[in-house]
Amino acid sequence: MRGAIDDGAPAVLGLIVRHEAWCGMAYGEGRACACNPTTELVDADTLAVTMTRDFKNRAQRRAMAKAAQKAKP
């Protein structure tokens with residue numbers, strides 16, 4: 001899908017925000033950013049791939065945390 005003026009640019013863009021690893025927002029576990037994140041404007045395909053990868057990683061982290069809680073005496 002292209003915009004009204006077809007200049008070759010995609011009509012849908014996404015913004016990826018990358019937080020520092022120690023920032024709670026990096027994993028969606030914080031309410032406020034405490035770092036200086038970088039941003040990147042990407043096309044819809046890149047955004048979809050990134051979101052799929054990151055949601056999978058989040059699910060894996062939560063499953064590991066749940067298993068660790070169950071393992072505690």
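Quick caveat: nothing in here was measured; it's all calculated off a predicted structure.
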Novice: Roughly how far, to the nearest 0.5 Å, is CG of D43 from CG of L13?
Specialist: 7.5 Å

Novice: So which heavy atom on C23 is nearest to which on A34, and how close?
Specialist: SG-N, 3.5 Å

Novice: For a quick test of reading the model, state the closest non-hydrogen atom pair linking H19 to C35 and the distance between them.
Specialist: ND1-SG, 3.6 Å

Novice: Side chains of P37 and R18: closer than 4.5 Å at any heavy-atom pair?
Specialist: no

Novice: Are I16 and L47 close enough that some pair of their side-chain heavy atoms sits under 4.5 Å apart?
Specialist: yes

Novice: Given 3.5 Å as the limit, does a donor-acceptor pair link the side chain of T50 with the main chain of T46, or not?
Specialist: yes

Novice: Is there a path of hydrophobic side-chain contacts, each under 4.5 Å between heavy atoms of I/L/V/M/F/W/Y residues, joining V42 to M51?
Specialist: yes

